[in-house]
Number of protein chains: 2
Amino acid sequence: MENNGNNEYVRGTIKTIVLNLLAERGRMYGYEITHEVKDRTDGEITLTFGALYPVLHKLEQEGYLETESEAVDGRLRKYYSLTTQGSETARTKTHDLARFVEAVKLLLNPPGLATD
Amino acid sequence: MENNGNNEYVRGTIKTIVLNLLAERGRMYGYEITHEVKDRTDGEITLTFGALYPVLHKLEQEGYLETESEAVDGRLRKYYSLTTQGSETARTKTHDLARFVEAVKLLLNPPGLATD
DNA sequence: CAAATATATATAAGTATTTTATATATACAA
DNA sequence: TTGTATATATAAAATACTTATATATATTTG
């Protein structure tokens with residue numbers, strides 16, 4: 001029963017995480033995204049389907065993602081990939097999130113604070 | 001007109017940011033908190049009052065904060081400080097946020113990605 | 001063969017959180 | 001006296017997320 005509740009902090013970052021992963025991997029399907037995120041963060045970040053799918057659909061509506069469905073082993077897979085506009089947004093948002101992360105570190109580890 | 005919109009990522013971190021600042025500074029008032037956050041992050045993170053005060057009130061309700069009002073220059077100031085329970089929560093949440101931040105970095109800067 | 005588990009997408013109801021707008025009040029500068 | 005800075009506060013609206021649920025196939029386990 002690892003850690004939970006940490007997902008509190010995922011708020012607001014899901015879109016960017018998805019865009020960034022797709023920028024890196026070319027195309028992915030929903031199920032794959034949740035597993036990749038969990039794997040790469042050692043279970044620290046878990047995207048639930050209830051949160052992920054609405055985000056994917058919204059990004060598609062907004063023109064950042066395009067989809068192609070494929071049947072693999074009889075099961076349907078919906079692959080998502082970035083549009084041109086999506087690539088640009090991915091770059092901007094990833095950069096912004098990286099900046100935010102650095103800013104948070106300034107608040108958590110102020111210069112000159114003893115790490116006792 | 002610096003950057004805005006980055007506040008998108010503040011979602012979910014406000015509580016922890018406030019608790020952590022109070023752990024560090026002993027006591028602060030709302031207005032001071034927003035300024036401290038803005039200063040220390042070079043304007044990157046801006047806590048709006050509409051977001052901050054509800055959080056302060058909630059943390060007080062939950063028993064994490066206690067308050068004392070003081071009149072300074074005729075103006076009222078409400079100082080917030082951590083309760084014993086609040087100190088413990090501050091420690092836990094700060095630690096969790098630091099872990100989350102590291103996890104996000106794993107997603108944004110995967111090992112072996114050329115920074116072209 | 002039946003049941004459980006893993007794979008795979010999807011939505012809806014409820015909750016929580018945040019933005020935006022607004023109200024109140026003092027002090028000081030133009 | 002108008003605007004800006006200081007200072008707290010709330011309410012309405014929008015957004016985002018959690019939890020629960022539905023559907024369906026493939027594979028493993030008993």
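Values below: all heavy atoms of this structure, side chains included; hydrogens, waters and symmetry mates excluded. Quantities reported herein were computed from a predicted structural model and do not represent experimental measurements. Letters A, B, ... are given to chains in the order of the sequence lines, protein chains preceding strands, and every chain is numbered from 1.
Among C/dA10, D/dA7, C/dT17, the nucleotide with an atom closest to any side-chain atom of B/K15 is C/dT17.
Whole-Å rounding puts the B/E8 CD to D/dA14 P distance at 19 Å. Distance A/I14 CD1 to C/dT17 P: 15 Å, rounded to the nearest Å. B/L47 places its CG atom 14 Å from the C1' atom of C/dT17, with the value rounded to the nearest Å. One can place CZ of A/R11 at 6 Å from P of C/dT17, the figure rounded to the nearest angstrom. Between B/Y53 atom OH and C/dT17 atom P there is a gap of 19 Å when expressed in whole angstrom units.
In terms of phosphate contacts, A/H57 brings no side-chain nitrogen or oxygen within less than 4.0 Å of OP1 or OP2 of C/dT9. Not one side-chain nitrogen or oxygen of A/H35 sits closer than 4.0 Å to the OP1 or OP2 atom of C/dA8. A/K58 has a side-chain polar atom (N or O) that falls below the 4.0 Å cut-off from OP1 or OP2 of D/dA16. At least one side-chain nitrogen or oxygen of A/Y29 sits closer than 4.0 Å to the OP1 or OP2 atom of C/dA8.
The side chain to side chain donor-acceptor pair (under 3.5 Å) check on A/R11 picks up nothing, with sequence neighbours excluded.
Checking B/Y64 against B/S87 by side-chain atom types alone, no donor-acceptor pair falls below 3.5 Å.
Distance CE/B/M28 to OH/B/Y79: 10.0 Å, rounded to 0.5 Å. Taken from CG in B/L97 to CG in A/L107, the straight-line distance is 9.0 Å, to the nearest 0.5 Å.
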